[in-house]
Amino acid sequence: MASGGKTYIVEHLDPELGTWSELEYLAIARESQETGAKFCLSSLPPAFKVPEDLAKIPAFKAETRGVEELYASDKSRVCLLDPAASSDLSPEDGDKFDAFLFGGILGDDPPRDRTSELRKKGFEGRRLGPVQMTTDTAVRVTRLVVQGKTPLKDIPYLDHPELKFNEHESTEMPFRYVKSEDGKPIMPEGMVDLIKKDSDKAIDDMF
């Protein structure tokens, strides 16, 4: 993979793709395309069906091989985003690493430590801070740091924002997001509608 543009890799370990993940992956692929980066889903089960909208974004690549096979010749160029790492991601890491690896754990609430499996494979790790992020937010923050050269502490964040659907309905998100210029959390297209639908369903289940 070219060392010019960065590659963002999510190890997707599930046989299917939920609607939530699909919206996140579409957001990552589109933003990668806009910024001259690549987005790869690795370790995909052979029967995995890539959604049409995702498959047609040129920056996106689906891989059945795992990341250790993709980067067998140069593991040192891969940075694992790891909550247990000893140092934070910094703009200088953009010069050190070509690929940034996410263990498919982000967005789990409570978090499952899938990253530990990747940690055992010997990739160097970096932290993104103490608050759990969705997968698309983690990639967005990483890109702002390594491509945009913005230090982690200077990125505007919103922690656990409340989404208001109407005057009676709202829900608090258990994650950290990047704050947009209009002060709202940056979320994938269609995500707020999906969350509203899920919360309506949960309310309906009570009756």
Side-chain angles (χ1 to χ4, degrees), residues 8 10-35 37 39 41 48-57 59-60 62 81 83 89 100 102-115 127-145 147-148 150-207:
Y8 300 99
V10 173
E11 284 260 301
H12 185 89
L13 305 170
D14 297 314
E16 284 161 18
L17 188 58
T19 317
W20 181 288
S21 294
E22 185 177 335
L23 293 180
E24 291 190 336
Y25 292 166
L26 273 168
I28 297 168
R30 285 176 185 138
E31 288 175 26
S32 297
Q33 181 72 28
E34 285 161 17
T35 54
F39 170 44
L41 283 182
F48 186 88
K49 285 185 173 56
V50 176
E52 206 177 308
D53 284 354
L54 193 54
K56 62 187 183 201
I57 297 172
F60 173 74
L81 281 304
L89 188 72
F100 295 85
F102 305 83
I105 49 128
L106 301 127
D108 277 352
D109 182 42
R112 287 177 286 172
D113 193 14
R114 283 188 185 168
T115 309
R127 273 190 317 242
L128 286 177
V131 187
Q132 178 80 355
M133 295 176 183
T134 59
T135 307
D136 62 298
T137 302
V139 176
R140 189 172 296 115
V141 167
T142 301
R143 191 180 56 249
L144 288 168
V145 175
Q147 288 184 236
T150 306
L152 266 182
K153 64 177 176 49
D154 294 342
I155 293 170
Y157 297 116
L158 271 178
D159 291 348
H160 311 143
E162 187 181 31
L163 300 182
K164 283 187 100 59
F165 304 125
N166 55 46
E167 57 180 308
H168 304 296
E169 282 181 282
S170 67
T171 188
E172 186 182 272
M173 303 303 292
F175 307 114
R176 163 172 281 184
Y177 294 89
V178 177
K179 184 159 64 169
S180 67
E181 284 173 7
D182 63 3
K184 294 185 175 141
I186 297 178
M187 298 173 90
E189 209 175 296
M191 186 59 85
V192 175
D193 293 338
L194 179 66
I195 293 164
K196 182 178 182 331
K197 216 183 290 174
D198 281 355
S199 70
D200 286 347
K201 221 186 303 175
I203 291 162
D204 286 347
D205 287 348
M206 289 158 62
F207 298 103

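Basis for what follows: all heavy atoms, side chains included, without hydrogens, waters or symmetry-related copies.
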Could you grab the distance from atom OG1 of Thr135 to atom CD of Glu24, nearest 0.5 Å is fine? 4.5 Å
Any donor-acceptor pair under 3.5 Å linking the side chain of Ser21 with the backbone of Leu17? no
Please find the pair of heavy atoms, one from His160 and one from Val131, that lie closest to each other, and give the distance. NE2-CG1, 3.9 Å
Would you mind reporting whether Arg140 and Met133 have side-chain heavy atoms less than 4.5 Å apart? no
Here the pair of heavy atoms bringing Tyr25 nearest to Leu54 is O-CD1, 3.7 Å
Given side chains that start at C-beta, do those of Val10 and Tyr8 come closer than 4.5 Å, heavy atoms only? no
Spatial distance of atom CG (Asp159) from atom CZ (Phe175) [nearest 0.5 Å]: 12.0 Å
Does some side-chain heavy atom of Phe39 sit less than 4.5 Å from a side-chain heavy atom of Leu26? no
If you take all heavy atoms of Pro188 and Leu23, which pair is closest and at what distance? CB-O, 3.4 Å
Taking the side chain as C-beta and beyond, is there a heavy-atom pair between Phe165 and Thr171 under 4.5 Å? yes
Quick one, Met187 and Thr134 - any side-chain contact, counting heavy atoms below 4.5 Å? no
Reported CE-to-OG1 distance for the pair Met191 and Thr19, which is rounded to 0.5 angstrom: 9.5 Å
Around atom CD of Glu162, are there more than 12 heavy atoms from other residues, nucleotides or ligands closer than 6.0 Å? yes
Between the side chain of Gln147 and the main-chain N/O of Thr35, is any donor-acceptor distance below 3.5 Å? yes
Could you check if a side-chain atom of Arg176 sits within less than 4.5 angstrom of a side-chain atom of Pro130, using non-hydrogen atoms only? yes
Side chain to side chain contact (heavy atoms under 4.5 Å, CB included) between Leu128 and Val145: does it pass, once the steps are laid out? CA-CA 10 Å; Leu128 286 177; Val145 175; 5.7 Å; no
Within a strict 4.5 Å, meaning less than it, do heavy atoms of the Ile186 and Thr137 side chains meet? no
Rounded to the nearest 0.5 Å, what separates atom CG in Leu81 from atom CZ in Phe102? 4.0 Å
For Asp136 versus Ala27, what's the shortest heavy-atom pair and its separation? CB-CB, 4.5 Å
Measuring from atom CZ of Arg143 to atom CD1 of Ile28, what distance do you get when rounded to the nearest 0.5 angstrom? 9.0 Å
4.5 Å side-chain heavy-atom contact, Val50 and Phe60: yes
Nearest heavy-atom contact between Ala59 and Ala37 is CB-O, 3.5 Å
